[in-house]
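Just below is one structure, and these are the notes that go with it.
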Amino acid sequence: MKVKNINISTEKPKIVVVGSSSLDRVINTEKTPLPNETLLACSSENYYGGKGANQAVACARLGAQVHFIGSVGMEPVGQQILRHLVDEGINVGFVNESPYSESGKAYVLAAENQNTIVVVPSANNDLKTAHIIQAEKAIEKADWLLIQMEIPLEVIFFTINYAFKHKIKIGLYASPAKKLPYDIIEKVNFIIAKESELTTLFGENATTEELLKKYSEKLFIRNNANETTYWHKDGILKTERKEHEHTLQKMGMGDAFTAGFTIALSHQNSIEESVKFGNEIANEVSKHKGPQRGLPKLESLK
């Protein structure tokens, strides 16, 4: 079957997503406030979010069998998040319900077509390596493991090492950026990075082009215009762009790209085809408010 010019096989990819979940509170203002300035908001909304949950929902809607491994609080918000994920067809059997913390939240100031985001991890920080070990059967049967950086670094590195040991393909969306050890870079199959965070991630004075050459077809750099740049194995610098003319918001576009890219790779499509499909999925998100509402179902893309 062909979907958006990529091949989709009859077999459903098995994907484990390890990461964060949250309730995102978006405050819309006409401009970004200055220091010590008080503004009246135009409106506010709540959305389900968290980079891990965003990727899990995106993969499930694109036809994958998905296990989500994360941590929520035991308060009503945590139960709402779990019910939402279950409604999306995601297995939440390995989600920790923390008695110590509330569920994660993100506070988003949306003004002048830009987002300023402050994440309060809360229960996401209660995810431990022991929870990863408890999910070993799901991880060992997976085609791909996806992970981001809104959970403790110890858990991120442990999970990557565990998946690598069991020969599971690994995709890392390296945001919010923290320094990546060289051995972790070597063990993952791909890294999605924000253009503005390269120095933090790699700690090098290298140019963007030098980094892309060094990590050919492993490093994929994205910017706010839904552009994805990478170094093709044929020695060509490639940039793919897909931007909707009526973009409503840009929350969750990196997560949507990561999921779409992974799904396309899972169905044995080329890097170039997979990047284009990832951009298509990210573009769909930009047409709707909230990081998950615009995530398309596979059948809607035919």
To the nearest 0.5 Å, what is the distance between [atom1] ([X]) and [atom2] ([Y])?
| X | Y | atom1 | atom2 | result |
| --- | --- | --- | --- | --- |
| Lys214 | Ile185 | NZ | CD1 | 7.0 Å |
| Lys178 | Leu201 | NZ | CG | 9.5 Å |
| Lys12 | Ile263 | NZ | CD1 | 10.5 Å |
| His67 | Lys137 | NE2 | NZ | 11.5 Å |
| Leu82 | Ser21 | CG | OG | 7.5 Å |
| Arg25 | Ile117 | CZ | CD1 | 15.0 Å |

Would you say [X] and [Y] make side-chain contact, with heavy atoms under 4.5 Å?
| X | Y | value |
| --- | --- | --- |
| Thr258 | Asn54 | no |
| Lys213 | Glu210 | no |
| Val57 | His84 | yes |
| Asp24 | Gln292 | no |
| Ser286 | Asn226 | no |
| Thr208 | Glu195 | no |
| Pro291 | Asp255 | no |
| Leu172 | Leu180 | yes |

In this structure, would [X] and [Y] fall into the same cluster of hydrophobic residues linked by side-chain contacts under 4.5 Å?
| X | Y | answer |
| --- | --- | --- |
| Leu109 | Met251 | no |
| Ile168 | Ile160 | yes |
| Val18 | Tyr162 | yes |
| Leu295 | Leu62 | yes |
| Tyr215 | Ile184 | yes |

Using every non-hydrogen atom in the two residues, find where [X] and [Y] come nearest and quote the distance to one decimal.
| X | Y | answer |
| --- | --- | --- |
| Tyr173 | Ile192 | CD1-O, 3.4 Å |
| Ala110 | Asn115 | CB-OD1, 3.5 Å |
| Gly52 | Val17 | O-CG1, 3.3 Å |
| Pro181 | Phe157 | CD-CZ, 3.5 Å |
| Ser9 | His267 | OG-ND1, 2.9 Å |
| Gly19 | Ile151 | C-CG2, 3.7 Å |

Is [X] reaching over with its side chain to a backbone N or O of [Y], donor-acceptor style, under 3.5 angstrom?
| X | Y | answer |
| --- | --- | --- |
| Arg293 | Tyr47 | no |
| Asn269 | Asn7 | yes |
| Asp143 | Lys14 | yes |
| Lys169 | Thr262 | no |
| Ser22 | Gly104 | no |
| Thr239 | Thr229 | no |
| Lys218 | Val188 | yes |
| Ser216 | Trp231 | yes |
| Asn189 | Ile170 | yes |
| Ser71 | Ala123 | yes |

Full working for side chain to side chain contact (heavy atoms under 4.5 Å, CB included) between Glu154 and Thr129: CA-CA 8 Å; Glu154 176 190 8; Thr129 57; 4.1 Å; yes

For atom [atom1] of [X], is the number of surrounding heavy atoms from other residues, nucleotides or ligands below 6.0 Å larger than 12?
| X | atom1 | result |
| --- | --- | --- |
| Glu75 | CD | yes |
| Glu186 | CD | yes |
| Asp87 | CG | yes |
| Glu11 | CD | no |
| Lys141 | NZ | no |

With no hydrogens and no angle check, just 3.5 Å: does a side-chain donor-acceptor pair link Ser270 and Glu273?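 Short answer, yes.
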
With respect to Val72, which candidate in Gln80, Glu97, Glu102 satisfies the side-chain contact (heavy atoms from CB on, under 4.5 Å) definition?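 Testing each of Gln80, Glu97, Glu102 against Val72, the sole residue satisfying side-chain contact (heavy atoms from CB on, under 4.5 Å) is Glu97.
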
When Pro176 is tested against each of Gln148, Lys51, Lys194 for side-chain contact (heavy atoms from CB on, under 4.5 Å), which residue passes?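 When side-chain contact (heavy atoms from CB on, under 4.5 Å) is applied between Pro176 and each of Gln148, Lys51, Lys194, only Lys51 qualifies.
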
Could you check Ile8 against Ile6 for side chain to side chain contact (heavy atoms under 4.5 Å, CB included), going step by step and ending with a plain yes or no? CA-CA 7 Å; Ile8 299 292; Ile6 70 162; 3.7 Å; yes

Decide yes or no on side chain to side chain contact (heavy atoms under 4.5 Å, CB included) for Leu146 and Cys59, but give the supporting numbers first. CA-CA 10 Å; Leu146 297 182; Cys59 288; 3.9 Å; yes

Is the closest basic N to carboxylate O distance between Lys31 and Glu37 below 4.0 Å?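 Salt bridge between Lys31 and Glu37, a charged N being under 4.0 Å from a carboxylate O: yes.
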
Can you tell whether the side chains of Glu284 and Lys287 come within less than 4.0 Å, N to carboxylate O?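 Yes, Glu284 and Lys287 are salt-bridged.
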
Just do the side chain to side chain contact (heavy atoms under 4.5 Å, CB included) check on Leu85 and Tyr48 with the steps written out, would you? CA-CA 10 Å; Leu85 294 173; Tyr48 292 112; over 6 Å; no

Between Trp144 and Phe261, does the ring centroid distance fall short of 6.0 Å?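 Centroid distance Trp144-Phe261: not below 6.0 Å, so no.
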
Under 6.0 Å between ring centres: does that hold for Phe257 and Phe220?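 Aromatic pair excluded; centres sit 6.0 Å or further apart.
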
Report the relative orientation of the aromatic rings in His232 and Tyr230; use parallel for angles under 30°, tilted for 30 to 60°, perpendicular for over 60°.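 Taking Tyr230 first and then His232, their aromatic rings sit tilted (interplane angle of 30° to 60°).
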
